[in-house]
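What's counted below: heavy atoms across the whole structure, side chains too, no hydrogens, waters or symmetry copies. Both counts, for ligands and for their atoms, begin at 1 and track the order of listing.
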Amino acid sequence: MSADTVTIFDTTLRDGEQSPGCSMTVAEKLTVAEALVELGVDVIEAGFPIASPGDFDAVKAIAEKFGSRTVICGLARCRKEDIERAGAALAGAERRRIHLFLATSAIHRQFKLKMAKEEIVKATIEHVKLARQFTDNVEFSPEDAARTELDFLSEVVEQAIAAGATTVNIPDTVGYATPTHYYNVISHLRNHVRNIDQAVISTHCHNDLGLAVANSLAAIEAGARQVECTINGLGERAGNAALEEIVMALRTRKDYYKVDTRIQTPKLCGVSRLVSSITGMIVQRNKAIVGQNAFAHEAGIHQHGMLQDRSTYEIMRPEDVGYVGTSLVLGKHSGRHAFRTRVTELGFNIDDATFQKVFEDFIVLADKKKDIYDADIVALIDNRVNVSADRWHLVRFHIAAGTGTIPTATVELRDGDAESTVCDAAIGDGPVDAVCKAMERILGISAVLKDYQVRSVSGGKDAQGEVLVELLTLGRRYHGKAVSTDIIEASAQAYLKALNKAVADCPTEVTEPGV
Ligand SMILES: [Zn+2]
């Protein structure tokens with residue numbers, strides 16, 4: 001690797017997945033991993049194998065499937081059983097890394113580990129050496145580095161490198177650092193650790209003060225050549241440094257940082273949408289790079305300048321990040337060819353069978369609403385790709401609701417396994433609640449709705465509504481997303497998607513409905 005290329009280490013599947021409500025199934029993790037490989041990330045931290053059997057299975061599956069195309073990494077504490085478990089999960093990957101961590105700050109030494117400085121140094125050396133037995137590619141993180149005394153941090157880092165660590169990651173675990181402070185920490189290590197040139201310096205910043213990206217960039221300026229980050233800045237508490245922001249800052253300000261990444265930036269918005277729909281974490285409209293408003297110019301004076309020359313108000317081109325606007329493109333009479341062309345222009349490469357389904361959805365939608373926007377097309381595609389093989393399908397529903405009535409829903413679902421349909425009805429606090437309860441009765445599952453969000457995909461009264469739901473059942477959370485011009489139908493479809501995931505996870509006997 002050349003000195004002016006920054007390694008992008010994505011931890012969406014490990015740190016990102018740890019954030020509340022963001023848990024993913026193994027199949028969903030594989031989908032995200034594939035998108036990350038295509039995006040061009042250098043290292044995928046796929047999970048923490050000893051944390052649970054599900055984590056182990058996910059790391060193993062990702063290692064086997066993608067371990068020849070990029071480096072797959074597993075997290076481990078400085079414990080023998082953690083390292084062996086990570087080694088086993090990663091065994092199928094040609095390119096694999098074990099990421100070890102051990103806290104070094106005074107506060108963690110005293111309250112969490114109850115270990116003296118010498119014990120920490122000893123444990124570091126011992127476990128880095130052990131990890132090296134499973135792979136030549138070992139990363140060591142002194143946890144809470146940003147609050148660790150600089151002389152002790154330097155000592156631990158030097159010993160980790162001497163024991164065989166090839167990457168030393170300096171985490172700001174609690175989001176305490178500020179840019180100049182963090183620059184000084186990295187510079188101190190470069191100036192005081194004698195063997196620092198034998199390892200890559202990495203950063204891992206949390207966003208508690210809103211500084212994760214700024215701190216990561218300061219570290220790169222000080223000589224770090226790996227950044228740990230996540231799609232959409234997912235992560236514990238206020239999240240991690242956002243991959244898309246770091247990559248675009250380095251690209252847009254190459255004049256200043258003079259470094260490259262291998263990221264295929266036109267794929268950024270697509271990966272962002274994928275991660276958002278799988279985790280149910282909506283991207284705020286004004287989010288840098290991937291938010292809906294990131295490239296919207298509303299002020300008249302800006303629009304005037306833009307018409308003269310885009311660079312008056314635009315530092316990046318929308319197409320460089322795969323941004324899809326809400327421009328009007330197609331109507332009812334647009335043919336198959338025009339539709340196919342637009343799908344390709346939007347950066348989607350879908351197979352013929354999926355294209356046919358999306359096109360049929362488009363015809364149905366064009367009957368319901370006059371103007372079809374780019375965002376509508378993206379929503380239709382999202383709806384058809386990356387879908388799990390759902391057992392239950394919505395055939396039809398009917399609701400009765402209004403002031404002074406009892407909201408009532410009748411639902412018919414088709415059971416793909418039994419090839420039969422089942423009908424039931426329920427009352428609820430409102431029409432959405434009634435539809436959801438009727439479906440729960442049919443599936444014999446009772447769930448708690450933890451989160452429900454609805455937004456319009458484009459403008460206009462006939463806009464498609466996108467609904468995201470998160471439900472809790474049998475101790476696990478499941479997400480569902482759907483779009484429709486009818487928000488009750490979108491709600492029902494999103495809820496059914498989440499219920500289908502729950503059914504697939506823990507198959508339950510379907511109870512006799514209506515009893
Ligand atoms: Zn973290």
Novice: So, are Lys481 and Glu470 salt-bridged, with charged N and O less than 4.0 Å apart?
Specialist: no
Novice: Using salt bridge (charged side-chain N to carboxylate O under 4.0 Å, His left out) as the criterion, point out the one residue from Arg14, Lys29, Lys60 that pairs with Asp55.
Specialist: Lys29
Novice: So, 2.8 Å as the limit: is an N/O/S atom of Asp15 located closer than that to the Zn ion (ligand 1)?
Specialist: yes
Novice: Which N, O or S atom name in His206 marks its closest approach to the Zn ion (ligand 1)?
Specialist: NE2
Novice: Counting only N and O atoms by type, is there a donor-acceptor contact under 3.5 Å from the side chain of Ser202 to the main-chain atoms of Asn169?
Specialist: no
Novice: Find, among atoms of His204 that are N, O or S, the one nearest to the Zn ion (ligand 1), and state its name.
Specialist: NE2
Novice: Taking the six-membered ring of Tyr478 as reference, does the cationic atom of Lys501 (NZ for Lys, CZ for Arg) lie under 6.0 Å from its centre and within 45° of its axis?
Specialist: no
